[in-house]
Novice: 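Pasting a structure here, questions to come.
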Amino acid sequence: MATARDRIAGFGAGIASGATKLLVGHPFDTVKIRCQVEGGHGRFRGPIDCLVSTVRNEGPRALYKGASIPLVGWAAMDAVQLGSLSNYRLLLQGGDKARQLTHLQHALAGLGAGWTVALVASPVEIIKMRLQMQYASSGPERRYRGPIDVGRHLLRTYGPLGLWHGLPATLAQRSFFFFLWGSYDVYSQWLRGLRMPYSGGPPSEKLVNFVAGGMAANTFWTFCYPVDVVKNRYMTQPDPSPIPFRRMFGHVLRTEGLRGFFRGFVPSFIRSFPTNASAIFVWESTVRVLRGDARH
């Protein structure tokens, strides 16, 4: 049966996972956000141009703009996401961690984790993205002095819940965790059934975690990317009269066509495998250590 140690292990391991995501993925994330938001306005010709222009005009450190929030935020987000994922799985297992869940049950646990972490992710992401979309480092064009200044602006503009201004959009995007964690279980089972040419046996559990995590992340982004574009456009648009989230889909379609829903897809897709494969590998490995399990 599940113990208190089993229930808190996912939260502790999630902190390590979040730190891994920041180190590996934040430069890709900056390029993705800038392409999604600015790509239709002629600022960049594509992700490579965005990367080169950013480094040339603002320096390499610009790729880590807004990273101070994810430094804490991604650790907190992954702690909440992966800790709640572990507990939703245990709930579906009836407290018996030896019971095998179906692919659908893994997907439903992922959906619950996505909705849970949206409460933490929404303020982290809106602050991070607004800093990422700030091109000037000084002078009158620099709108925000840092993350605290962004937070103050949102609270002044939208009231006490201003930090959660993008919550409906974040809930919609995080609903696709259904596909992330459902496909992760599918890929994991498939990989465990393979035989390695050098040993004749199955791949190690660590290799399974890494490869399945990367493949699941690519699956997730393939399904959710148009919603992610709309979410990010909605959360970074000028205040105080933004286009409502539901109408933003029509706005993108009218102004840019279907292509607008996939701007920045290449850096996002490239980023997703190494970033999430590393993060899930670290999470699974840390969970096994904290639980004392041979395999999570």
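When a residue number appears, it is its place in the shown sequence, counting from 1.
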Novice: Does the distance from a Lys or Arg side-chain N to an Asp or Glu carboxylate O, for Glu284 and Lys206, drop under 4.0 Å?
Specialist: no
Novice: State, with a plain yes or no, whether a side-chain heavy atom of Leu85 is found less than 4.5 Å away from one of Arg89.
Specialist: yes
Novice: Report yes if some heavy atom in the side chain of Glu205 is under 4.5 Å from a heavy atom in the side chain of Arg192; otherwise report no.
Specialist: yes
Novice: Do Thr236 and Arg130 get their side chains close enough for a donor-acceptor pair, meaning under 3.5 Å?
Specialist: no
Novice: Do Leu92 and His106 have side chains that approach each other closer than 4.5 Å (heavy atoms only, starting at C-beta)?
Specialist: no
Novice: Examine distances only and state if a side-chain atom of Gln237 and a backbone atom of Tyr234 form a donor-acceptor pair shorter than 3.5 Å.
Specialist: yes
Novice: Mind telling me whether Tyr225 and Phe262 have parallel, tilted or perpendicular rings, with 30° and 60° as the class edges?
Specialist: parallel
Novice: Using modelled atom types only, decide if a donor and an acceptor are shared between the side chain of Arg34 and the backbone of Gln132 within a distance under 3.5 Å.
Specialist: yes
Novice: Any chance the side chains of Gln93 and Lys97 put a donor and an acceptor closer than 3.5 Å?
Specialist: no
Novice: Please check this pair: side chain of Ser285 against backbone of Val282, looking for a donor-acceptor N/O pair closer than 3.5 Å.
Specialist: no
Novice: Going by ring-ring contact (aromatic ring centres under 6.0 Å, His included), Phe220 matches just one of Tyr187, Phe179, Phe177, Phe178. Which one?
Specialist: Phe177
Novice: Flag the pair Phe176 / Phe223 as yes when their ring centroid distance falls below 6.0 Å, and as no otherwise.
Specialist: no
Novice: We want to know whether Gln105 and Trp181 form a side-chain donor-acceptor pair, criterion being a heavy-atom distance below 3.5 angstrom.
Specialist: no
Novice: Counting only N and O atoms by type, is there a donor-acceptor contact under 3.5 Å from the side chain of Trp164 to the main-chain atoms of Pro123?
Specialist: no
Novice: Hey, can you tell me if Phe210 and Phe273 have their rings parallel, tilted or perpendicular (30° and 60° cut-offs)?
Specialist: perpendicular
Novice: Using atom types as modelled and distance alone, determine if a side-chain donor or acceptor of Arg174 lies under 3.5 Å from a backbone N or O of Thr116.
Specialist: no
Novice: Tell me, do Val230 and Phe261 make a side-chain contact under 4.5 Å, heavy atoms counted?
Specialist: yes
Novice: Check the hydrophobic clustering (I, L, V, M, F, W, Y; side-chain heavy atoms under 4.5 Å; chains of links allowed) and say if Leu161 and Ile148 are grouped together.
Specialist: no
Novice: Using only heavy-atom distances, determine whether the side chains of Asn209 and Tyr184 contain a donor-acceptor pair under 3.5 Å.
Specialist: yes
Novice: Side chain of Thr157, backbone of Leu154: donor and acceptor closer than 3.5 Å?
Specialist: no
Novice: So, does Ser84 use its side chain to make a donor-acceptor pair with the main chain of Val80 at under 3.5 Å?
Specialist: yes
Novice: Got Met235 and Met133 here, is their nearest side-chain heavy-atom distance under 4.5 Å?
Specialist: no
Novice: Within a reach of under 6.0 Å around CG of Leu104, are more than 12 heavy atoms found that belong to other residues, nucleotides or ligands?
Specialist: yes
Novice: Does Arg195 CZ have over 12 foreign heavy atoms under 6.0 Å away?
Specialist: yes
Novice: Taking Asn218 for its side chain and Phe269 for its backbone only, find out whether a donor-acceptor pair lies under 3.5 Å.
Specialist: yes
Novice: Would you check if the side chain of Gln134 reaches a backbone N or O of Tyr144 as a donor-acceptor pair within less than 3.5 Å?
Specialist: yes
Novice: Are the side chain of Asn57 and the backbone N or O of Ser53 linked by a donor-acceptor pair below 3.5 Å?
Specialist: yes
